[in-house]
Amino acid sequence: MASGTPLLSDKGREAVKNPQSSLTARCRSVLVQIDGKRSLNEVRNSLRGLEGLEDAIKKLIDEGYVRLSQDCRDIIKDAAIKILGAKSPTINRKIDELHTKYGDGCWTHLDELDKAARLFYGSVIADNLKQEFARILKEHGK
């Protein structure tokens, strides 16, 4: 299952403006949800229950209508959503705050993120988040 922040390509923007007969209604439903800010998991949640959703996402990516940002921040935010579900907006706002404050150097300030996680979610969940974030950062050389 793909993850990251979906972004419309030029082809995707054109398909939103001028619907193409080669795209199903399901694919068009996914396209109009993509704003470059919400993660793919958030788009999935907004379209929860739509039959064939994963196939539509795959088609849009494979055919170049959508590309996925693999920015480390987006991947970390997706991981928070997977771990926390509906409780993730609080920690994701903190991630955005740290990124705004420190830029790409924000990953050296994970102690601030850990403090927020412990405050809002408790030590067990905070430890899970910290381990997952560390794994992702190691994979991306941060």
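Residue numbers start at 1 and run along the sequence shown.
The side-chain heavy atoms of K138 and F133, taken from C-beta on, include no pair separated by under 4.5 Å. Contact annotation: the side chain of K11 never approaches that of V66 to less than 4.5 Å [non-hydrogen atoms, C-beta and beyond]. K77 has its side chain within reach of D96: a pair of non-hydrogen atoms, C-beta onward, lies under 4.5 Å apart. Within the 4.5 Å cutoff, the side chain of Q20 has heavy atoms near those of the Y65 side chain. For the pair L23/L60, a side-chain contact is recorded, criterion being any heavy-atom separation below 4.5 Å from C-beta on. Within the 4.5 Å cutoff, the side chain of Y121 has heavy atoms near those of the L129 side chain. Counting heavy atoms from C-beta on, the side chains of K59 and V30 never come closer than 4.5 Å.
Put simply, I136 and L110 are part of the same group of oily side chains (I, L, V, M, F, W, Y) that touch within less than 4.5 Å, one to the next. If you chain together hydrophobic residues whose side chains sit under 4.5 Å apart, L7 and L68 never meet in one group. Residue L8 is grouped with residue L47 when hydrophobic side chains (ILVMFWY) are merged at heavy-atom distances under 4.5 angstrom, including chains of intermediate members. Both F120 and I95 belong to a common hydrophobic cluster when Ile, Leu, Val, Met, Phe, Trp and Tyr are linked at side-chain heavy-atom distances under 4.5 angstrom. Side-chain heavy atoms closer than 4.5 Å link hydrophobic residues (I, L, V, M, F, W, Y) into clusters, and following such links, possibly through other members, connects L98 to L119.
Between the side chains of Y102 and E112, a donor-acceptor pair is found at a separation under 3.5 Å. Side-chain atoms of Q33 and R38 include a donor-acceptor pair closer than 3.5 Å.
Residues forming a side-chain hydrogen bond (donor to acceptor under 3.5 Å, both in side chains) with R13 (at least two apart in sequence, or on another chain): D10. Here E14 pairs with N18 under the side-chain hydrogen bond (donor to acceptor under 3.5 Å, both in side chains) rule; sequence neighbours left out. Residues that satisfy the side-chain hydrogen bond (donor to acceptor under 3.5 Å, both in side chains) test with R44, not counting sequence neighbours, are N41, E54. Residues passing the side chain to side chain contact (heavy atoms under 4.5 Å, CB included) test with T100, sequence neighbours excluded: none. Here N92 pairs with nothing under the side-chain hydrogen bond (donor to acceptor under 3.5 Å, both in side chains) rule; sequence neighbours left out.
The backbone N or O of G64 sits less than 3.5 Å from a side-chain atom of S9, completing a donor-acceptor pair. A donor-acceptor pair is defined here as one N or O able to donate and one able to accept, closer than 3.5 Å; no such pair exists between the side chain of R26 and the backbone of L53.
Put simply, CZ on R135 and CD1 on I76 are 9.0 Å apart, with the number rounded to the nearest 0.5 Å. Note: D127 CG to D114 CG = 7.0 Å, rounded to the nearest 0.5 Å.
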Side-chain donor-acceptor pairs under 3.5 Å in residues 83-90, sequence neighbours left out?
residue: S88; atom: OG; partner: G85; partner atom: O; Å: 2.9

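Taking a 6.0 Å sphere around NZ of K94, one finds it holds more than 12 heavy atoms contributed by other residues, nucleotides or ligands.
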